[in-house]
Structure formats: C-alpha cells, structure tokens
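Inspection log for the structure reproduced underneath, given as structure tokens.
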Amino acid sequence: MEAAEETSTDIAVIASAASVALSWYQFFVRGDREMGLFVGLWPPTILAFASYYNQRRIEEAVKSVGPSRIRESIEGMLSSR
C-alpha cells in the first residue's frame with residue numbers, strides 16, 4: 001500500500017492529459033495537423049517512462065527486503081488459504 005502512495009503516476013497522468021489537450025488544440029483550433037499529431041504521440045511516451053521508473057522503484061524495494069522474507073510472506077499467504 002505504501003508503494004502505491006509514493007508513485008509519480010499522478011504527475012504522469014496529468015502530463016499526458018495536458019498533452020492530449022494540447023494536441024487537440026493544435027490539430028483542431030490552430031489547424032496545424034502535423035504538430036497536433038506530433039504532440040499526440042507524447043502521452044504514451046510519458047506513461048511508459050512513468051511505468052519504467054515505478055518498476056525500478058519496486059525492484060529496488062524487493063531487493064532490499066531480501067529473498068528469505070519474501071519466501072516467508074508467500075508461505076504465510078498460502079498457508080492461510
């Protein structure tokens with residue numbers, strides 16, 4: 001739960017939404033279709049970078065816990081079934 005609260009996903013989602021809005025503005029309001037399409041390609045890239053950094057952070061957290069503690073957690077979950 002703590003890991004989910006410490007993510008930068010909210011910032012990435014806001015930046016992606018802003019990029020979509022800017023893309024629509026460029027494409028429809030200003031009539032610059034090339035710029036609108038170019039800016040419209042930013043959201044997947046922004047979200048991909050956010051996902052990558054979140055995965056790296058989770059990987060570091062798992063490594064710091066250690067394999068024996070992870071094994072104990074899994075065994076505890078399976079035994080409670």
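Residues Val39 and Ile46 share a single hydrophobic cluster, defined by chaining ILVMFWY side chains whose heavy atoms lie under 4.5 Å apart. Linking Ile, Leu, Val, Met, Phe, Trp and Tyr residues whenever their side-chain heavy atoms come within less than 4.5 Å places Leu37 and Phe28 in a single cluster. Grouping the Ile, Leu, Val, Met, Phe, Trp and Tyr side chains by contacts below 4.5 angstrom, directly or via other members, places Leu41 apart from Tyr25.
Here Asn54 contributes atom CG and Leu47 contributes atom CG; the two are 10.5 Å apart, rounded to the nearest 0.5 Å. To the nearest 0.5 Å, the span separating OG on Ser19 from CH2 on Trp24 amounts to 11.0 Å. Atom OH of Tyr52 is separated from atom CZ of Arg57 by 13.5 Å, given to the nearest 0.5 angstrom.
Between Pro43 and Val20, the shortest heavy-atom contact is CG-CG2, 3.7 Å.
A donor-acceptor pair is defined here as one N or O able to donate and one able to accept, closer than 3.5 Å; such a pair exists between the side chain of Ser16 and the backbone of Ala12.
Using cut-offs of 30° and 60° for the angle between ring planes, the Tyr53 and Phe49 rings count as parallel.
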